[in-house]
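Have a look at the structure below before the remarks.
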Amino acid sequence: MLDIQRIRDNPESIKKASENKKSPVDIDIIISLDNRRRDTIKEGERLKSLRNTRSQDIAALKKEKKDATQVIADMKEVSDRIRKLDGQQKEVEDILHEHLIRVPNVAHGSTPHGESEKNNVVIAAWEKPAAFDFKPKDHIELGTALDIIDFPRGAKISGAGFPVLKGDGALLERALINFFLETHTRRHGYREIFPPFLVNRASLFGTGQLPKSEEQMYFIGEDDLFCIPTAEVPVTNLHRDEILDQAQLPIKYCAYSACFRREAGSYGKDTKGYLRVHQFNKVELVKMVQPETSYDELELLRVDAEYILKALGLHYRVVSLCDADLSFAAAKCYDLEAWAPGEGNYLEVSSCSNFEDFQARRMNIRYRPANGDKPRFVHTLNGSGLATARILVALLETYQTAKGAVRVPEVLRPWMQGLTKIGPR
RNA sequence: GGAGGACUAGGAUAAUGGUAAUCCAGCGGUCUUGAAAACCGCCGGCCUUACGGCCUUGGGGGUUCGAAUCCCUCGUCCUCCGCCA
């Protein structure tokens, strides 16, 4: 959510920014609603001031055992008008709020401008794509032949988009999660969180999934709870409605969670295999920092996520998303894309974003500056570190051998029961 | 799931239906070689150039001229009962 003051001060630039983000909003109606709101408040406060002073008079009269019926009668009328004005004010504020929460965050100055994802900018790459002296298979063929990914049985017990990992595939998945968590906690200094996988509406509003993306989430109506689409939601909301000490910042959390996404409306895109599924595993990195440091922290966050890809020896590239491709709440975002030789494609395995104070305003997460000044909103950031479904795909396809086995990268072996490769059963 | 109790600022505590008091912590200052102690000021939010005004007792409603206080409702925590991996 943006500061209404910021919108009042720069209506044109906010309007332009929302158009650049391809979700234009009507700024004029927001300004006029806000004017009505302010007028109503003004008149209401004038009457409330009157009521407060006259109430004191009534108290004084009663104390002196004098008659107060006339004043009380007058104030009854004033109170009725206040009630009416309060009602109007609430009505205007509700409508204004509905508009405000749909204004997207403004892209940061360093975010490239563009018309679509085609204008995203590749800013770095690591390693070369793996070379093969045979035609590399895709992960579906590999996973099925090795009997470590079972698509048909997943479809049977749950539906399309719920593949089952079996045997060494399940072990590999678990190894990845462990490797990610160990790296970020021990090497990068993040505190591990094991969050609830179901959250309430307030949490989803805080991180910006609600109200815009309600249809993308699994919903348990009986309890009004949602399955989390990412650990970002519970972890960032940990400090909702709190005032932190400056000395606590930066806060760095990492969390494993299963992630649930309905992917409504995305049929036809990446439908094949394990690339776009309804449930996958992810280790998420979340930071809460002082505003002045958030863009430095974004670079550090990206380095932490990139470390995993380097350690796994995967070819990848870093993409700076252009404003048109930026998510609703983000001001700047880097995607990390791992190379999948079987697909012949790059797969998005991490998004590292700075939300500035956009989420913090929605969640009311502030910190008290060391000098005792009044609380300021923190800046929030998050990034995948990483998502296993697609990393598993990149690994299988990158480390496959001519004989159809898959070598296990060195760094995963401590969690792989001594396996150096996954072979046919 | 049932019964009872509680919720006041960062923390802790007070207020016969008359408009939120106090303590601690924190910040600034006086004093000091420095620190501590002591003392003074600040110490929830919003509006206002200012003076000042309005709001704030877990959330939302209601009664009343006036609600932290009375009523309804929801939430959270605690105690007990029931159920349970």
Side-chain angles (χ1 to χ4, degrees), chain A residues 1-9 30-98 100-101 194-206 210-211 220-226 234 237-249 251 258 288 290 357 360-378:
Chain A
M1 189 151 56
L2 297 181
D3 186 1
I4 181 70
Q5 194 59 48
R6 182 173 171 194
I7 296 177
R8 293 183 67 84
D9 291 345
I30 288 175
I31 303 278
S32 85
L33 282 166
D34 187 49
N35 284 333
R36 267 179 61 197
R37 172 181 147 266
R38 292 156 83 99
D39 289 345
T40 314
I41 288 175
K42 230 177 182 173
E43 176 64 5
E45 288 195 350
R46 191 182 66 80
L47 292 174
K48 281 172 185 170
S49 177
L50 177 66
R51 180 178 67 184
N52 285 344
T53 54
R54 301 302 281 159
S55 284
Q56 296 288 18
D57 294 346
I58 292 171
L61 286 172
K62 292 233 172 189
K63 205 170 184 181
E64 295 168 29
K65 309 256 188 259
K66 289 182 181 164
D67 178 55
T69 50
Q70 184 57 49
V71 193
I72 288 175
D74 291 349
M75 285 305 102
K76 198 179 176 74
E77 205 171 303
V78 169
S79 279
D80 283 343
R81 286 178 61 196
I82 289 174
R83 240 187 297 279
K84 205 171 283 178
L85 278 168
D86 280 349
Q88 285 175 19
Q89 183 187 333
K90 186 174 186 317
E91 206 175 304
V92 174
E93 282 178 344
D94 285 349
I95 302 170
L96 177 62
H97 185 70
E98 282 303 307
L100 273 179
I101 61 177
F194 202 124
F197 292 0
L198 301 184
V199 294
N200 56 30
R201 286 179 183 277
S203 296
L204 287 159
F205 174 81
L210 289 181
I220 291 116
E222 196 173 354
D223 300 290
D224 206 27
L225 292 170
F226 292 80
N237 274 279
L238 282 175
H239 296 295
R240 170 149 51 88
D241 291 319
E242 289 184 16
I243 299 175
L244 307 162
D245 287 330
Q246 181 175 322
Q248 291 175 260
L249 306 178
I251 289 176
M288 294 172 212
Q290 290 182 61
D357 66 3
R361 278 180 192 283
R362 291 180 156 234
M363 277 178 287
N364 193 27
I365 303 179
R366 295 170 294 170
Y367 75 97
R368 174 96 50 196
N371 63 12
D373 272 359
K374 70 175 185 178
R376 305 172 67 198
F377 289 109
V378 299

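By convention in this document, chain letters (A, B, ...) are assigned in the order of the sequence lines, proteins followed by strands, and residues within each chain are numbered from 1.
A:Thr40 pairs with exactly one of A:Asp86, A:Asn35, A:Leu85 by the side chain to side chain contact (heavy atoms under 4.5 Å, CB included) rule, that one being A:Leu85.
The CD atom of A:Gln89 sits 16 Å away from the P atom of B:C46 (whole-angstrom rounding). The interatomic distance linking A:Leu47 (CG) with B:C55 (P) rounds to 11 Å, in whole Å. Going from atom CZ of A:Phe205 over to atom C1' of B:G59 covers 16 Å, rounded to whole Å. The distance between atom CD1 of A:Ile365 and atom C1' of B:G10, rounded to the nearest whole Å, is 16 Å. Separating the CZ atom of A:Arg51 from the C1' atom of B:G17 is a distance of 14 Å, rounded to the nearest angstrom. What separates NZ of A:Lys65 from C1' of B:G18 is a distance of 14 Å, to the nearest Å. The separation between A:Gln246 atom CD and B:G26 atom C1' is 13 Å, rounded to whole Å. Atom pair A:Arg36:CZ and B:C47:P shows a separation of 20 Å (rounding to whole Å applied).
In this structure, the nucleotide among B:G61, B:G53, B:G18 sitting nearest to the side chain of A:Lys90 is B:G61. Relative to the side chain of A:Arg38, the nucleotides B:C65, B:U48, B:C54 differ in distance, and B:U48 lies closest. Among B:U19, B:C65, B:C54, the nucleotide with an atom closest to any side-chain atom of A:Lys48 is B:C54. For A:Glu45, taking side-chain heavy atoms from C-beta onward, the closest of the listed nucleotides B:G18, B:C65, B:C54 is B:C54. Here B:C65 is the nucleotide among B:C47, B:C65, B:U19 with the atom lying nearest to any side-chain atom of A:Lys62. Counting only heavy atoms from C-beta on, A:Ile58 has its side chain closest to B:C65 among B:G53, B:G45, B:C65.
Across all strands shown, B:U57 remains unpaired; no Watson-Crick or G-U wobble contact has both distances below 3.5 Å. The pairing partner recorded for B:C42 is B:G26, the criterion being a Watson-Crick or G-U wobble arrangement whose two distances lie under 3.5 angstrom. Pair assignment for B:A37 gives none, since no Watson-Crick or G-U wobble pairing has each distance under 3.5 Å. When Watson-Crick and G-U wobble pairs are counted only if both distances are under 3.5 Å, B:C77 pairs with B:G5.
Nucleotides B:G44 and B:A25, compared at atom C1', are 16 Å apart to the nearest Å. Look at the C1' atom in both B:U19 and B:C55: the space between them is 12 Å, to the nearest Å. With both ends at atom P, the span from B:A37 to B:G29 equals 16 Å, rounded to whole Å. The same atom, C1', is picked in B:G10 and in B:G45; the two are 15 Å apart, to the nearest Å. Distance check on atom C1': B:G4 versus B:U57 gives 23 Å, rounded to whole Å. For the P atom pair drawn from B:A6 and B:C70, the interatomic distance equals 10 Å after rounding to whole Å. Straight-line distance between the P atoms of B:U8 and B:A14: roughly 11 Å, to the nearest whole Å. Taking atom P on both B:U63 and B:U69, the two are 15 Å apart, rounded to the nearest angstrom.
Between A:Asp94 and A:Lys90 there is a salt bridge, since a side-chain N of the basic residue sits under 4.0 Å from a carboxylate O of the acidic one. For the pair A:Glu242 and A:Arg366, the salt-bridge criterion is not met [side-chain N within less than 4.0 Å of a carboxylate O]. Using a 4.0 Å cut-off between a side-chain N of Lys or Arg and a carboxylate O of Asp or Glu, A:Arg6 and A:Asp357 do not qualify as a salt bridge. Salt-bridge check for A:Asp57 with A:Arg54: passed, with a basic side-chain N closer than 4.0 Å to an acidic carboxylate O.
Closest-nucleotide positions on RNA chain B for A:Thr53 and A:Ile72 were compared, and the one nearer the 5' end corresponds to A:Thr53. Taking the nucleotide of RNA chain B with the nearest heavy atom to each of A:Val71 and A:Arg366, the more 5' of the two is matched to A:Arg366.
At a threshold of 4.0 angstrom between heavy atoms, the contacts of A:Ser55 include nucleobase atoms, whether or not backbone atoms are also involved. Within the nucleic acid shown, A:Arg46 has no heavy atom closer than 4.0 Å to any nucleic acid atom.
Between A:Ser203 and A:Asn237 the shortest heavy-atom distance is O-ND2, 2.8 Å. When every heavy atom of A:Gln246 is checked against every heavy atom of A:Pro369, the shortest pair comes out as OE1-CA, 3.3 Å.
Contact annotation: A:Ser79 side-chain N/O to B:U64 OP1/OP2 distance is not under 4.0 Å. Not one side-chain nitrogen or oxygen of A:Asn52 sits closer than 4.0 Å to the OP1 or OP2 atom of B:G66.
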